[in-house]
2 protein chains.
Amino acid sequence: MRTLIRDVSAITLDGEDRLLDSVEITLEEGSILTVGQAPPDFAPDSVVDGSELVALPAFFNAHTHAAMTLERGWAEDLPFERWLNDKIWVAESALKEEDVYWGAALACCEMIASGTVGFADHYFWMDQTARAVEESGMKALLAWCHFGMGAEHELGRKSFEDTVAFVERWQGAAEGRIRTTMGPHSLYMAPPELLQRFVEEAHRVGVGAHFHLSESHEQMEQSMATHGMTPVAYAASLGLLDLPEPTLVAHCNVLTPDDVELLSETGSWVAHTPKTYQKLAMEMPPLALMLGNKVNVALGTDGPASNSDLNMLEVMRIAGLVQKGAQRDPEALPRSQLLRLATQAPAAAMGFEGSGVLAPGHPADLILLDTTASHWIPRHDLAAGVVYASHPSDVAYVWADGQLLYARGEYLTLDVDRIRWEAERRAFRLVGQPMRSMRRYPG
Amino acid sequence: MRTLIRDVSAITLDGEDRLLDSVEITLEEGSILTVGQAPPDFAPDSVVDGSELVALPAFFNAHTHAAMTLERGWAEDLPFERWLNDKIWVAESALKEEDVYWGAALACCEMIASGTVGFADHYFWMDQTARAVEESGMKALLAWCHFGMGAEHELGRKSFEDTVAFVERWQGAAEGRIRTTMGPHSLYMAPPELLQRFVEEAHRVGVGAHFHLSESHEQMEQSMATHGMTPVAYAASLGLLDLPEPTLVAHCNVLTPDDVELLSETGSWVAHTPKTYQKLAMEMPPLALMLGNKVNVALGTDGPASNSDLNMLEVMRIAGLVQKGAQRDPEALPRSQLLRLATQAPAAAMGFEGSGVLAPGHPADLILLDTTASHWIPRHDLAAGVVYASHPSDVAYVWADGQLLYARGEYLTLDVDRIRWEAERRAFRLVGQPMRSMRRYPG
């Protein structure tokens, strides 16, 4: 499959913060072939008119729970304990395996339509999520979440061994678009022996791990009391930050300076999901301190039950606005850095090396945004337009590995009408209420 | 003109936080006639199918500088002084009167398409903005900004008298859709004698005032040193908080407890524009303290040169997220309160009493959002969907005073293609650069 995009502006993120105007981009066999002028002998299978569009690397989402789309809007304006115990766990207790497929497929629709082609997911019945990823053409780093408090707490009562078997079953599937990793829920839910087994299995299989880490002062105090160490130091002591593939830890809201150094030294990736922190009134992580100490940070949304959505444009914007405000510095997190944190950083965190750069030889994971809507005019600065003013509806074309997933509102890999219907029907069943709004099954 | 909206869900904001399902709404002669069931003899001129749509009061924007769309993206990631002196004032020095018309018309397009029908504007050459408002079908409270440092600093070298003449010329124009008010830029730009003349003229004409107030610690200190009073106390001492119509003050980033009490006692309206505060790294105003002391607060965007856009959905979302985070309370500013702060509050601040409520007898200023996109599914909570997950592109229909301004992407009052072209052409002239992106004049 050879694609030619003609007459397009391009934000390359190739290290020079270049904006190219009126260039040609060619894609071949999953990779970007050229950026600038098409080779004279290039015979495209399809041609896209890029005038008044801007090309940029596609977004990757460093931390989510995709199937929790089913609980979107089900637990609003609530403190964390009530959010979790009174609402989310009640709904999840009714969850069946196939529900996860439809919830994850719905998430894939939403992500594709807002320019995201890859995500790091952490949930249950992950074969279902893997199936949705495979069909969608997206990329993902998938972890089967395991609490380790006893199988009765695990959805579907799956064992540790089941979750490891998932990792082996799906690693490298879908032509390499699916990668897998170990998925302990967190350090505070699992006994140390289980965490050690995760480390052993990660080494045996050759993967990393993805888990929640150091989310609150309470967790910090509990860890000090129980282990005499911070959560990050405890994770390191167990070997969880030194695995064959990068470790991806979500949140790190509360860190000591030593923790920051440890995360930096170990090359761990920290997923930063600021909309959730604000919405659930959690501590805002010390992002400036992390970035200043060369900790690998990547942006994500968290699950749609807390964040409400899976919109990386919004997360990128919120991350920047929060830091400018908190640091009292309007130059903090400039737009080019925000774009990197939402594209190449999460891609690297998931092991999709090379994605997030618009340059020859890199994976053809890219999007085109339409810049003709009134909120774009005048187009003095296209990067500022993307970061501070664009809407998901500006996303006009989405490619992953050179495959066109979305074009001008049309989903080319997923049956969005059926997915929305199935997901909504199942979501209302979970909460024991009749479906309200969607009256007609389209088509 | 009689309109029937059939089979629609409705967020009424009529004091009971009701969500109505599958109701009929009728509009007649600029007002809402019924919400629930249409009168048996109602003979509509037009019928809108509201299935899978949610109706809610339209948004009002409590503070902006509409024509500054022309500088959108022209001054990014910069400290305030460089933003203003190196960039904004340089561009504005090339501004011509007709540019203001096209910049304001562009702003009207953007606002309408994102569900806003009214705005409080503060800028120069305001006849041009008034003309755009009149043509657009929107509502506005317009103030001709006057610095008072000497006419050479005023765009077009307009005098104080010119700005007062504008107030008289346009008050109540466009069938009452245009209201006017006095527009001193701020207390720190004008000598006290001029501010007193604003007060005198406001009483003579029977209007209020709209100005920038207490935006920084520096202004607070300067006011204490010069006047021995805080900016708010100084404004009150001049009579600026006790005018025939409500006073609307923008920002109030830095307030003492006495200031809060004074704002509350005088019934002044405070425009709160949190995206700008974050983006320019300004102090976040004490919103909880103001709301707790019954200060009238209304949300706004500020001008598109600082905010980047005019999106009240986003401002509402950011206002809520910032307060939940800052107050460490996820129950702070719940979704119904945020909706009020973005609809009925700014409408009242502008003197459009009764707008912002979906109930019989109220002005027919309302919007319908399409809830079928994947980011809405499942529709457990439509108010949460609007506040935390919706996109401007969900706005499907917009009415102001019963006139349909926008329907499924079509602008019914404005020539958006011509406006975008003219605005972009002029914006690039202001900054002395060739137009880059818009190559074709459509149509």
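The basis for the numbers below is simple: all heavy atoms, side chains too, and nothing from hydrogens, waters or symmetry mates. What you see is a predicted model, and the numbers here were worked out from it, not measured in a lab. Note on naming: letters A, B, ... go to the chains in the order of the sequence lines (proteins, then strands), and numbering restarts at 1 for each one.
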query = Does the side chain of A:Arg379 reach to within under 4.5 Å of the side chain of B:Arg72, using non-hydrogen atoms?
reply = no
query = Is it the case that more than 12 heavy atoms not belonging to B:Arg6 sit under 6.0 Å from its CZ atom?
reply = no
query = How many angstroms lie between CE in A:Met282 and NZ in B:Lys324, if you round to the nearest 0.5 Å?
reply = 14.5 Å
request  = Counting only heavy atoms closer than 4.5 Å, note whether B:Trp376 contacts chain A via side chain, backbone, both or neither.
outcome  = backbone
query = What residue in A:Leu333, A:Leu70, A:Val54 has the most heavy-atom pairs under 4.5 Å with chain B?
reply = A:Leu70
key: Verdict with reasoning, B:Gln323 to A:Gln278, per side chain to side chain contact (heavy atoms under 4.5 Å, CB included)   = CA-CA 8 Å; B:Gln323 289 302 315; A:Gln278 290 188 312; over 6 Å; no
ask   = Is it the side chain or the backbone of A:Leu321 that comes within 4.5 Å of chain B heavy atoms, both, or neither?
value = both
message = What part of B:His391 gets within 4.5 angstrom of chain A, counting heavy atoms only: side chain, backbone, both, or neither?
response = side chain
task = Select one option (side chain, backbone, both, neither) describing which atoms of A:Met111 are under 4.5 Å from chain B's heavy atoms.
result = neither
Gap separating the CG atom of B:Asn307 from the OH atom of A:Tyr388, nearest 0.5 angstrom = 12.0 Å
query = Using 4.0 Å as the upper bound for N to carboxylate O, is an ion pair formed by B:Arg335 and A:Glu76?
reply = no
message = Is there a side chain to side chain contact (heavy atoms under 4.5 Å, CB included) between A:Arg317 and B:Glu314? Walk through the geometry before answering.
response = CA-CA 11 Å; A:Arg317 190 168 303 162; B:Glu314 183 177 76; 2.6 Å; yes
message = Would A:Glu331 and B:Arg82 count as a side chain to side chain contact (heavy atoms under 4.5 Å, CB included) here? Give the steps.
response = CA-CA 11 Å; A:Glu331 298 181 81; B:Arg82 284 178 55 204; 3.9 Å; yes
message = For B:Asp329, which atoms come within 4.5 Å of any heavy atom of chain A: side chain, backbone, both, or neither?
response = backbone
message = So which residue, A:Leu280, A:Val387, A:Val416, ends up with the most heavy-atom pairs under 4.5 Å with chain B?
response = A:Leu280
note = Scanning both residues in full, the closest heavy-atom pair of A:Pro330 with B:Pro79 reads CG-CA, 3.3 Å
query = Taking B:Ala423, B:Pro392, B:Pro274 one by one, which has the highest count of heavy-atom pairs under 4.5 Å against chain A?
reply = B:Pro392
remark   = Most contact-rich option vs chain A, by heavy-atom pairs under 4.5 angstrom, among B:Ile318, B:Thr69, B:Asp77, is B:Asp77
ask   = Where do A:Glu110 and B:Ile377 land on the side chain to side chain contact (heavy atoms under 4.5 Å, CB included) test, with the steps shown first?
value = CA-CA 10 Å; A:Glu110 184 185 350; B:Ile377 308 294; over 6 Å; no
query = Highest number of heavy-atom pairs under 4.5 Å with chain B: which of A:Leu310, A:Asp309, A:Leu106?
reply = A:Leu106
When A:Gly325, A:Ala383, A:Ser374, A:Ala326 are compared by non-hydrogen pairs under 4.5 Å with chain B, the top option = A:Ser374
inquiry  = Counting heavy-atom pairs closer than 4.5 Å to chain B, which one of A:Pro334, A:Ala373, A:Gly385 comes out on top?
reply    = A:Pro334
key: Close side-chain approach of B:Pro378 to A:Phe428, heavy-atom, < 4.5 Å   = yes
ask   = Does A:Thr372 offer a backbone N or O that forms a donor-acceptor pair with the side chain of B:Arg420 under 3.5 Å?
value = yes
note = Pair count under 4.5 Å, heavy atoms only, with chain A: among B:Ser393, B:Ala113, B:Ala107, highest is B:Ser393
key: Contact class of A:Ala332 relative to chain B, heavy atoms under 4.5 angstrom   = neither
